[in-house]
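Here is the structure we will look at.
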Amino acid sequence: MSTRTIRATGENPVLPPGTAMPGLLQGVSALRDRRAALMRLRDRFGPDFTIKLPTFGTVVVISEPDEVRQIFKTRPEDLDQIEANLGRVLGPNSLFALEGRRHKDQRKLLVPPFHGRRLAGYESVMVDEASREFASWPQGREMSVLDSMMSITLNIILRAVFGAQGSEFERLRVVIPPMVELGSKLIVVPVPTWDLGRFSPWGRLNRYRREYDAIVDGLIATAVADPGLADRGDVLAMMVQSRYDDGSAMTNAEISDQLLTLLTAGHETTATTLAWAIERLRRHPAILDRLVAEVDAGVDDLLTAVILEVQRTRPVIDSTFRQVKASSYSVGPWVLPRGQNIMVGIDLVHTDDAVFADAARFDPDRFLGARPDPHEWIPFGGGVRRCIGAAFATMELHTVLRTLLTDYSIEPTLAPDESWYSRGVAFAPGSGGRIVVRRRSRRDVPTGGPS
């Protein structure tokens, strides 16, 4: 396989095959059911193919693992963020909008709070918010968990990342959910960015954004004036104190955009993965029983494997994008011209039987004692664009599920699998992840650790 980047060699573009269906119909098909449309093309043409998508135009879809590995390892001077992407909604200073040196500098400032001791400091917040929400659940009656998981992950981020409390906390809880929901739809639907006030989608989004920015400006001002700023553990406090290599501070606009980026990347996605975890475990009672026993014994091996398998079989984000910045770019047998948009099909890789044996089967045991290949198991993307909050999200998934399984029993179900529902960017369980719980009595929960 060729791994070279071609620079002005005069080679003609060679794109993977694609359907002869008119571009408009391809776009309509993708908007109606993006996942099914991509699966059909993969089944027809193999792991690589070409498709026309709204907003993104002609896109080369790649799902062959060696080619995915090459793409993720390619330097950003040759492949970088696609222009028509999340930055339109999250702001010009978002990691999703920045390229080159500015992206590297911003990412460098944002990495520290999501690793090591700082990361571990957020666990108590996660347990607190999960326990509070679970205590409000009705016992013995079926309910959807998605809204509750959204509430948990939003509260965690507002406390751990924004450092919000009091009135600012409550105001953000009101403005953020509709802003994120609308923004996630506008990312994938080619609606003109005209601001016609409350009568237009972008007008409504801009109104939400102005309110959000005003709240964040207040949080920044409070942080700057806080004599205990150096002792605070929230990410906003860290941003206020951080400095670029030239000694300059982050501007309010940069902090606001990055906080929104972290929230968008870690709120809906983590909540939806938690809902999918409930959906999967209820339909696999033997795995659920083993998991409860291990959690009671203080062992995390199966919990880790379950989370990995949920993310493989039910990836919330089904794709990640790149754009050719070099004169042309060669991957596998294809030669792609400058400006060509590339989609790495996360879901396509995860559902390939040649990559994961019996890929359609929910089987956490495949990950017991084995770490997944980072170019085959890719729910967080890869390379310099890998989700910066992956470690935070992983700890959150572990903590929330462990808290639930320790305090409550989950009833299995014989109901069919919940369908996939597109919320714009993310795929959620069609019925929101239905659950029936009962609080466990003290005698059900062992008091000792692992023997």
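Values below: all heavy atoms of this structure, side chains included; hydrogens, waters and symmetry mates excluded.
For the pair P47 and R42, the tightest heavy-atom approach, listed with the atom from each and the gap, is CA-CG, 4.3 Å.
In the model, Q258 has a side-chain atom that pairs as donor or acceptor with a side-chain atom of Q106 under 3.5 Å. Under 3.5 Å, the side chains of N155 and R173 contain a donor-acceptor pair of N or O atoms. Side chains of H398 and T304: a donor on one and an acceptor on the other come within 3.5 Å. Between the side chains of D257 and S94, no donor-acceptor pair of N or O atoms lies under 3.5 Å. R440 and T406 form no side-chain donor-acceptor contact under 3.5 Å, judged by distance and modelled atom types alone.
Although no hydrogens or angles enter the test, the distance criterion places no donor-acceptor pair under 3.5 Å between the side chain of D300 and the main chain of L303. A distance-only check finds no donor-acceptor pair linking the side chain of H267 to the backbone of I156 [under 3.5 Å]. Side-chain N or O atoms of D353 include one that pairs as donor or acceptor with a backbone N or O of A359 at under 3.5 Å. Panel note: side chain S409, backbone R438; a donor-acceptor pair is recorded below 3.5 Å. At distances below 3.5 Å, not a single donor-acceptor pair connects side-chain atoms of E396 with backbone N or O atoms of T270. For the pair E418 (side chain) and S431 (backbone), a donor-acceptor distance under 3.5 Å is present. Within the 3.5 Å criterion, the main-chain N or O of G228 finds no donor-acceptor partner in the side chain of R232. The main-chain N or O of W202 is found under 3.5 Å from a side-chain atom of N206 such that the two form a donor-acceptor pair.
Under the 4.0 Å criterion applied to side-chain N and carboxylate O atoms, E142 and R282 are assigned as salt-bridge partners. With respect to D213 and R210, no salt bridge is recorded, no charged nitrogen being found less than 4.0 Å from a carboxylate O. Between E123 and R402 there is a salt bridge, since at least one side-chain N of the basic residue sits less than 4.0 Å from a carboxylate O of the acidic one. Using a 4.0 Å cut-off between charged side-chain N and carboxylate O, E181 and R423 make no salt bridge. Note on R385 versus D80: salt bridge recorded, some NZ/NE/NH1/NH2 to OD/OE distance being below 4.0 Å. A salt bridge links R35 with D347: at least one charged nitrogen is closer than 4.0 Å to a carboxylate oxygen. Using a cut-off of 4.0 Å between Lys/Arg side-chain N and Asp/Glu carboxylate O, R207 and E211 are scored as not salt-bridged. Using a 4.0 Å cut-off between charged side-chain N and carboxylate O, D365 and R290 make a salt bridge. We find that D358 and R366 are not joined by a salt bridge, their nearest charged nitrogen and carboxylate oxygen being 4.0 Å or further apart.
Atoms CD and CZ, from E411 and R141 in turn, are 13.0 Å apart once rounded to the nearest 0.5 Å. Atom-to-atom distance recorded for D296:CG and L405:CG is 8.5 Å, nearest 0.5 angstrom. Rounding to the nearest 0.5 Å gives a distance of 7.5 Å between OG1 of T153 and CG of L274. For the atom pair OG1 (T399) and CD1 (I152), the distance works out to 11.5 Å, reported to the nearest 0.5 Å. In this structure, CD1 in I51 is found 10.0 Å from CZ in R34, a value given to the nearest 0.5 Å. If you take CG on D234 and CD1 on I157, they are separated by 13.0 Å, rounding to the nearest 0.5 Å.
Ring geometry for F321 versus F56: interplanar angle under 30°, hence parallel rather than tilted (30 to 60°). The aromatic rings of H284 and F362 lie tilted to each other, with the angle between the two planes from 30° to 60°.
Side-chain contact check for W334 versus L15: every heavy-atom pair is 4.5 Å or farther apart. Contact check for L260 versus R209: side-chain heavy atoms found under the 4.5 Å cut-off. In this structure, I62 and I71 have side chains that are in contact, with non-hydrogen atoms separated by less than 4.5 Å.
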Distance-only criterion, 3.5 Å: show the donor-acceptor pairs between side-chain atoms of residues 158-171 and protein atoms not counting sequence neighbours.
unit_1	atom_1	unit_2	atom_2	d
R159	NH1	D128	OD2	2.8
R159	NH1	E129	OE2	2.8

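By the 6.0 Å and 45° rule, R312 does not stack over the aromatic ring of W377.
Exactly one residue among W420, Y421, F427 makes a ring pair (Phe, Tyr, Trp, His ring centres under 6.0 Å) with W276. That residue is W420.
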